[in-house]
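Predicted, not measured: the structure shown is a model, and the values here were computed from it. Chain letters run A, B, ... following the sequence lines, proteins first, then strands; residues in each count from 1.
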Amino acid sequence: MKDINKAYNPQEAEDRIYKKWEDSGYFNPDNLPGKRPEYFSISMPPPNVTGVLHLGHALENTIMDAAIRFQRLKGKKAVIIPGTDHAAVATQARVEKNLIKEGIKDPRKELGREALLLKIREYAENSKTIIIKQIKKMGTSCDWSRLAYTFDEKRSAAVNKVFIKMYNDGLVYRGYRVVNWSVKGQSTCSDDELVHIERDAKFYTFKYDKDFPFEISTTRPETKLGDTAVAVNPKDERYKKYIGQTFTANVGAKELLKIKIIADPEVDPNFGTGALGVTPAHALVDYEMAQKNNLAIIPVIGPDGKMTEEAGNDYAGLTVMAAREKFVQHLKDNGLLSKEEDIKQNVGTSDRFGDVVEVIPMTQWWINVNKEIPGRKKSLKDLMRDAVTIGNNGDKSQIINITPDHYSKLYMQWIDNLRDWCISRQIWWGHRIPVWYCADCGEIIVSENKPEKCTKCGLNNLRQDEDTLDTWFSSGLWTFSTLGWPENIDAKGKKIGDLKAFHPTTWMQMGYEILFFWMARMILMTTYILEEIPFKDVYIHGMLRDKNGQKFSKSLGNGIDPIEVANQFGTDALRLSLISGTSAGNDSRFYEEKVEGNRNFVNKLWNISRFILTSVKEIKRIDKKPKASTLADEWILNQLAALEINANKELEASNFSLATDLLRAFTWNDFADWYLEISKIEKDKDEILLYILERLLILWHPFIPFVTEAIWENFDADDLLMVQVWPSSAKASEGTAFKQFSLIVDIISLIRNLRAENKIEPAKKVNVRMIGGKNAKLLKDQLSIIQGLARIENLEITDKGEKPAQSVGGVVFGVEVYILMEGLVDKAKETERLTKEIEQIKNYIVTLEKKLGNQEFVKNAPKEVVAGEEEKLADAKGKVVKLEEQLKGL
RNA sequence: GGGCAAUUAGCUCAGCUGGUUAGAGCGUUGCAUUCACAUUGCAAAGGUCACUGGUUCGAGUCCAGUAUUGCCCACCA
């Protein structure tokens, strides 16, 4: 007899089993056994090297791994390409913060570029090591031989290539425009990197000077030193006469302000005075108005967050707040300020550095999203739209399918609002922009490596651009840069190698919070570079929250370390907790009790196996479906077949939670509670037990890979569980076995009640003549009654007489049972219900037939309406047939 | 201001294209347990599917409106 532990011990099994998987080489699709014509590839969203994995990562790993293990079992060439992300700003910000804690006041100044980069690299490498270890702990079956990093040599080469191509196509340009500037981080950030917060502000109403004809209102008086216009609504009678005029105003700036009165329909006449002071240098809207009206741009705030010389001697060098106070004082002193109100204001803050960003005009690198791509007749924006609507290049097989569907609306809305993407950053950790400036002639050379000499003047006084690229630039290339782009494009421009084998990737999962950051950028980059979509299906998962529905966050201190949970309850229990009871796109709560319950389930499965493996005569694999010799056998095999079909269906549709529900119901309720109990009485079920167990292990494997593989070790199998063949039943019938069985259960239930009420003597044998035929749905409960009975030794149910007419019968516990059909207690009720429903639908059919028989209707109604009605009719008729069959079966 | 979602048992959540008497896990209550499993078993209680209308032979499911909650976007200076 096998010796198997009483309880499953994940600590003992997990590391050993992961190593076994790794050693097998099966994480690499090239090593998978058998012919595998179809591929299934997943790019792992690379975790940032800013620290360790959190629960969200654990969720992602679980989802991805469940998907890939399922596909691997299904015989696909399945691969997860793993990797990590250098996360430019995020990582540098984190390391700088740490250094400041250690007492270095200004890390950039004190350490300099090289030394600081060294520190960050050290931190990143350390982080990477931890992250990889943690991913392994989660059981994720990714192909480590293809491990990538957004900042490694290959990915850097890809980044440079793409930048250069975009530059040559005129999509990347260098331009002087207003940017979002984090004074604290001393870097730009893109529109998406802003987090809007509401704060209290003062709203001032005043005149520029005493000669100015009317008042304006603002929350940023200090920026008024750089105003070059006032915008009013063209319909506003108060100001109509001024439109087109230019006034000069003395506000104390370096030069007199020349204020042109311009008309803009966007100006709300009812807000403030209805006149808006336009500061092109320090507000995006104002900047856009300046572009339209050809206005001067006067920066009065510098990148250091202090007032510039343009602001005038009184203000230059002051911080923004100090300048504001001073300017307001100036207005008060001169009787120019007429109102000061408290209002709520929305401001953008840097998501990484946390400070309120200043809008400042600067020369930066941009990606033009509206310009036509040479030879494509489309802009990048168009490509991004096409990918989720008509398909890339109008090819319907190149449509990205987003689950849940409504996120595609959000995506489209984002594209509509998309402006040119500012891609240069002034931080140091990241891909340096491959652009060289000639100090002698000012030539700009775009090149991957430092050119020997200037292409224009021939001198070699070249300096590389100091800036680095937005981290999402490299992330956008992820699906193809990890598959060997650009080497894997041959001379004819055809894909070869991994790129051919696995791109477009099959499936992608991500949280909705990076839909714009990442998904959108991947679509942009991939459709542009490869003229292909990056992935066919995107599964959007929700966010995990704590027990009270709060977000997990460092500041709240409610974080849960997934590794700790895995250590305590086992990785399988953790995985099951993350994936069950959730649905795509919706947030879910995570709490310990849930994990505990799943730990219990994992243990249950372990014990089911323990029971089977220790009680069978010989542990062996059963290839062919065993023959059912009793009703119970027939029933459970039928249930299993149904499970195989339905679990497969749900998994194909990425309904992970539904699949686990089905599996759990079968495993615990049908198989353990019920069939195993019967097997203790009805003997000789070794084959069926082993057959079901084997299949159950495969079906469960995508979700709880460790325990299933651990149990599998007891089979004398020639290969790992992870590469077995996914069972696929062609069909399951609800056939007679199912019905008969539920009837038998009902009988036993009735007898038990009669005994309990002393209507029959407990020891007396009974002849079954009728049944309390309630409802098949109660089956579950009734099955457990059987189990209860199974423990009563003296119970015997027989009908030694001849088999009654109009009866069904079968063998339970080795006892023959016959049930008279005519005595069904609930037959009348059921008949009534069915009759009523049939009648209802028949009425409907008559209505429909009348409608379709009406020539007028058929002639006048649109084709699809008629077709729809016909479909409804067929549907209804089918239902009647089904119901009538049911009625007959009673 | 614009948009997207959610509202189902005490709690956390499922419920696919409308079709038997709306489900699970946890929790609660009672009972059992030398049996593979106390990380157990059995049973019970617990729901006008937010509200109001509509479509339909039939609505938790589709539509409209209301309320509440959450999220995203946005230049009210």
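Nucleic acid contact class of A:Q345 (heavy atoms, under 4.0 Å, all strands): sugar-phosphate only. Nucleic acid contact for A:N417: sugar-phosphate only, since backbone atoms but no base atoms lie under 4.0 Å from a heavy atom of the residue. Counting any heavy atom pair closer than 4.0 Å across all strands shown, A:F516 reaches sugar-phosphate atoms only and no base atom.
Using a cutoff of 4.0 Å between basic side-chain nitrogens and carboxylate oxygens, A:D661 and A:R664 are not scored as salt-bridged. Using a 4.0 Å cut-off between charged nitrogen and carboxylate oxygen, A:E592 and A:K547 do not count as a salt-bridge pair. Ion pair A:D420/A:R177 flagged as a salt bridge, since at least one NZ, NE, NH1 or NH2 atom sits closer than 4.0 Å to an Asp/Glu carboxylate oxygen. Electrostatic pairing of A:K551 and A:E513 does not count as a salt bridge here, judged by no charged N lying under 4.0 Å from a carboxylate O.
Taking the P atom of each, B:rU8 and B:rC51 are spaced 10 Å apart, rounded to whole Å. Distance check on atom P: B:rU20 versus B:rG1 gives 43 Å, rounded to whole Å. Separation of the P atoms belonging to B:rU17 and B:rG53 is 26 Å when rounded to the nearest angstrom. Remark: the separation of the C1' atoms in B:rC63 and B:rG25 is 34 Å, to the nearest Å. Taking atom C1' in both B:rG18 and B:rU56, one finds a spacing of 9 Å when rounded to whole Å. Distance noted for atom C1' between B:rC11 and B:rA5: 22 Å (whole Å). If you take atom P in B:rU39 and the same atom in B:rG27, they sit 12 Å apart, rounded to whole Å. Look at the C1' atom in both B:rA24 and B:rA67: the space between them is 29 Å, to the nearest Å.
The CD1 atom of A:I612 sits 5.0 Å away from atom CG of A:L689, with the distance rounded to the nearest 0.5 Å. A distance of 11.5 Å separates OG of A:S654 from CD1 of A:I540, quoted to the nearest 0.5 Å. Rounded to the nearest 0.5 angstrom, A:Y287 OH and A:H282 NE2 are separated by 13.0 Å.
B:rC72 atom P lies 16 Å from atom CE of A:M519, rounded to whole Å. Rounded to an integer number of Å, the gap from CZ of A:R599 to P of B:rU39 is 7 Å. Atom CZ of A:F214 is separated from atom C1' of B:rA77 by 14 Å (rounded to the nearest Å). A:E596 places its CD atom 16 Å from the C1' atom of B:rC37, with the value rounded to the nearest Å. The nearest whole Å value for the distance from the CG atom in A:D670 to the P atom in B:rG41 is 14 Å. Regarding A:F666, its CZ atom lies at a distance of 21 Å from the P atom of B:rG23, rounded to whole Å. Regarding A:I402, its CD1 atom lies at a distance of 13 Å from the C1' atom of B:rC4, rounded to whole Å. The nearest whole Å value for the distance from the CG atom in A:L418 to the P atom in B:rG3 is 20 Å.
If you check B:rC37, B:rC26, B:rU39 against the side chain of A:E593, the one that comes closest is B:rC26. For A:L276, taking side-chain heavy atoms from C-beta onward, the closest of the listed nucleotides B:rA36, B:rG2, B:rA77 is B:rA77. Nearest to the side-chain atoms of A:T218 among the listed nucleotides B:rU39, B:rA77, B:rC73 stands B:rA77. When distances are taken from the side chain of A:N346 to each of B:rA77, B:rC37, B:rA74, the shortest belongs to B:rA74. When the nucleotides B:rG3, B:rA5, B:rA36 are ranked by their closest atom to the side chain of A:I608, B:rA36 comes out on top. Between B:rA36, B:rA5, B:rG41, one nucleotide has an atom nearer to the side chain of A:W668 than all others, and that is B:rG41. When distances are taken from the side chain of A:K604 to each of B:rG3, B:rU40, B:rA77, the shortest belongs to B:rU40. Of the candidate nucleotides B:rA36, B:rC75, B:rA77, B:rC75 has the atom lying nearest to any side-chain atom of A:L284. Proximity note for A:F611 (side chain, C-beta onward) versus B:rU39, B:rA36, B:rA77: the nearest is B:rA36. Across B:rC72, B:rG70, B:rG25, the shortest atom-to-atom separation from the side chain of A:R664 is found for B:rG25.
At least one side-chain nitrogen or oxygen of A:H196 sits closer than 4.0 Å to the OP1 or OP2 atom of B:rA74. For the pair A:N600 and B:rU40, the criterion of a side-chain N or O lying under 4.0 Å from OP1 or OP2 is met. One finds no side-chain N or O of A:R419 lying less than 4.0 angstrom from the OP1 or OP2 phosphate oxygen of B:rC73.
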>> One character per nucleotide, please: for nucleotides 9-15 of chain B, 5' to 3', B when the base has a protein heavy atom closer than 4.0 Å, S when only the sugar-phosphate does, - otherwise.
In response: ---SSS-
>> If you apply the rule side chain to side chain contact (heavy atoms under 4.5 Å, CB included), what do you find for A:S190 with A:W421, and how did you get there?
In response: CA-CA 7 Å; A:S190 65; A:W421 172 17; 4.2 Å; yes
>> What verdict does the salt bridge (charged side-chain N to carboxylate O under 4.0 Å, His left out) test give for A:D416 and A:R385, after you've listed the backbone C-alpha separation in whole Å, the side-chain angles of each residue and the deciding distance to 0.1 Å?
In response: CA-CA 9 Å; A:D416 289 340; A:R385 280 203 191 94; 3.1 Å; yes
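Using a 4.5 Å heavy-atom threshold, the side chains of A:L574 and A:F590 count as touching.
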> Using Watson-Crick and G-U wobble pairs with both distances under 3.5 Å, what is the 5'-to-3' dot-bracket string of RNA chain B, with [ ] for crossing pairs and | for pairs outside the strand?
Replying inline: (((((((..((((.....[...)))).((((((....).))))).....(((((..]....))))))))))))....
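Comparing A:K551 and A:R610, the nucleotide of RNA chain B nearest to each residue sits closer to the 5' end for A:R610.
Side-chain rings of A:Y407 and A:Y539 stay apart, their centers remaining 6.0 Å or farther from each other. Ring pair A:Y208/A:F214: centre-to-centre distance not below 6.0 Å.
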